[in-house]
Number of protein chains: 2
Amino acid sequence: MALKSDLSLDIDKISSDTMADVVEMRLRDYFKKKSFKPGDALPKEQELAEALGVSRNVLREALSRLRMLGMIETKKKRGMILSSPDVLGGFQRVLDPLIISPDALQDLFELRLILEMGLADVLFLNLNDKSIRELEIIANSEKKKNKEAFRIANEIAFHGKLYEMAGNDTLKRFQHMLLPVFGFVLQVENEFLSGSVSHQDLVEILKSGNKDDFRNGMYEHLKPHFDRLEALKKIN
Amino acid sequence: MALKSDLSLDIDKISSDTMADVVEMRLRDYFKKKSFKPGDALPKEQELAEALGVSRNVLREALSRLRMLGMIETKKKRGMILSSPDVLGGFQRVLDPLIISPDALQDLFELRLILEMGLADVLFLNLNDKSIRELEIIANSEKKKNKEAFRIANEIAFHGKLYEMAGNDTLKRFQHMLLPVFGFVLQVENEFLSGSVSHQDLVEILKSGNKDDFRNGMYEHLKPHFDRLEALKKIN
DNA sequence: ACTCGTTTTTATGTAGTACAAAAACATTTG
DNA sequence: CAAATGTTTTTGTACTACATAAAAACGAGT
């Protein structure tokens with residue numbers, strides 16, 4: 001261990017970065033250094049390629065990445081402009097339960113529980129009668145049908161509505177992306193448990209209770225998941 | 001509105017997608033359809049390019065994106081393999097307070113408040129004496145120095161430690177990425193307020209209190225930020 | 001027969017050229 | 001003067017060529 005760290009001090013790690021990787025970073029630095037703002041025009045491809053000393057090919061591989069993230073937009077003749085990327089775009093592209101690691105999957109599952117529990121304060125800041133009524137309609141529609149598929153869709157609708165009521169668009173989209181992960185973990189665990197507090201109970205709390213009541217209710221609603229977590233933690 | 005939607009039903013929207021965009025999607029679909037798992041080898045570039053009917057150039061632009069996200073790795077001769085992407089990698093690349101939109105910035109600020117408030121349950125699942133002592137050391141080191149720069153660094157250290165104690169690596173990294181955003185918003189607002197509950201108070205609660213105590217303490221600690229939020233919401 | 005070193009093969013990484021397409025700009029013509 | 005048309009410019013796509021690295025195959029020597 002000691003020897004290894006000594007070595008790593010003396011010898012620079014070989015960067016297996018490809019040119020496209022380097023160019024991507026250099027472009028990012030360049031944007032920062034020049035403090036470009038969204039809307040600003042960028043030099044054309046050939047100029048950039050020449051300035052960086054790489055082929056237009058490599059440059060375009062790097063630009064392709066930035067374009068995917070929404071950092072730049074290009075129009076045929078007008079050239080490229082810097083733009084405001086969608087903060088969740090890169091996240092969405094990667095969120096496939098089948099390819100992300102089990103550890104990360106578990107982390108994201110926990111993350112959603114944390115979000116649900118933390119939602120109360122912001123939710124109560126935005127509360128209004130209209131949205132509570134809409135939520136109630138969703139909650140009440142559960143009794144009628146009993147199919148499993150419908151229950152899951154309804155579960156999604158209810159919690160999604162809660163996020164929407166928090167009035168934070170990024171949060172709502174984030175939650176929506178997390179749904180497949182949540183569903184996948186539950187499916188693997190082969191259980192779709194429901195706590196002692198129902199959706200309808202939660203609606204009642206929103207009507208007449210306060211933040212703490214809601215939080216406690218939400219905890220009870222999610223209790224089976226927390227119990228599962230606790231059991232998991234004890235094993236490790 | 002009605003006319004417009006009628007039209008959009010009859011006429012397909014012109015996709016201004018570039019070939020690289022299309023290829024990126026097609027590759028993603030292909031991986032799913034074949035249910036490739038991390039570690040599986042992928043066909044070589046030429047085969048893919050021919051199968052898709054595009055130049056190797058375009059294909060590589062798409063692959064470059066997937067490589068950036070960590071979805072694929074390539075070794076010189078062995079070809080490409082699918083791999084487990086870092087779920088936060090794409091996020092990190094985009095999280096520059098100077099280029100993301102003010103709305104998204106505000107959303108992320110809220111998101112961090114929500115996370116802090118929701119942390120209690122998972123935190124208490126992982127609580128142990130050692131980490132509490134470490135947290136206490138951080139909290140106590142505040143009194144000694146009074147420089148602004150130190151206060152901010154300490155603020156970061158304290159809250160970062162809390163996330164670390166929750167035992168969720170993805171969450172901790174997420175919080176760490178959000179720090180610049182948080183700092184930026186506060187800097188723009190030109191205030192670095194502190195609630196009535198200090199870091200040391202929070203440590204005491206962790207020692208002898210329960211989850212609800214901690215949550216209430218955290219709310220008071222963050223109260224200035226929530227007050228600011230409330231004022232903002234009222235304006236809109 | 002086994003190990004070590006050399007050569008061959010193969011896939012990716014990079015460069016360069018060429019041309020198509022679209023959009024802004026310039027010019028011509030009624 | 002306006003509309004139509006042509007020109008220029010920049011991105012998008014294709015193709016070729018070669019460098020490079022690494023596995024695989026091969027061969028020599030003990």
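- Each of A/L52, A/V23, A/T18, A/V22 was evaluated against A/V58; a single residue qualifies, A/V23, per the side chain to side chain contact (heavy atoms under 4.5 Å, CB included) test.
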Enumerate the protein-to-nucleotides 18-26 of chain C contacts in which both atoms are nitrogen or oxygen and the separation is below 3.5 Å.
none

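- Look at CD1 on B/I81: it is 14 Å from C1' on C/dT12, rounded to the nearest Å.
- Atoms CG (A/D17) and C1' (C/dG13) sit 13 Å apart, rounded to a whole Å.
- At least one cation-pi condition fails for B/R26 and B/F31: the charged atom is not both under 6.0 angstrom from the six-membered ring centre and inside a 45 degree cone around its axis.
- Taking atom CG of residue B/L59 and atom C1' of nucleotide C/dA11, one finds them 13 Å apart after rounding to whole Å.
- The CD atom of B/E61 sits 14 Å away from the C1' atom of C/dG13 (whole-angstrom rounding).
- Between A/T74 and D/dG12, a side-chain N or O to OP1/OP2 separation shorter than 4.0 Å is present.
- Rounded to whole Å, the distance from CE on A/M80 to P on D/dT10 is 11 Å.
- A straight line from CZ of B/R60 to P of D/dG12 spans 18 Å, rounded to a whole angstrom.
- Between B/E73 atom CD and C/dA11 atom C1' there is a gap of 16 Å when expressed in whole angstrom units.
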> How far apart are the C-alpha atoms of A/R65 and A/D21, what are their side-chain angles, what is the distance that settles it, and do they pass the salt bridge (charged side-chain N to carboxylate O under 4.0 Å, His left out) test?
Replying inline: CA-CA 10 Å; A/R65 300 176 177 188; A/D21 294 325; 2.8 Å; yes

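- Between A/T18 and C/dT12, a side-chain N or O to OP1/OP2 separation shorter than 4.0 Å is absent.
- Following rounding to the nearest Å, B/E50 (CD) and D/dA14 (P) show an atom-to-atom distance of 13 Å.
- Residues meeting the side chain to side chain donor-acceptor pair (under 3.5 Å) test with B/S84, sequence neighbours left out: none.
- For the pair A/S55 and C/dA15, the criterion of a side-chain N or O lying under 4.0 Å from OP1 or OP2 is met.
- No salt bridge links A/E50 with A/R56; every basic N to acidic carboxylate O contact stays at or beyond 4.0 Å.
- Taking 4.0 Å as the cut-off between side-chain N and carboxylate O, B/D40 and B/K34 do not count as a salt-bridged pair.
- Which of D/dA14, C/dT12, D/dG12 sits closest to the side chain of A/R67 comes down to D/dG12.
- Remark: the A/N57 side chain and the C/dG13 base include no donor-acceptor N/O pair separated by less than 3.5 Å.
- A salt bridge links A/R60 to A/E45: at least one charged side-chain nitrogen sits closer than 4.0 Å to a carboxylate oxygen.
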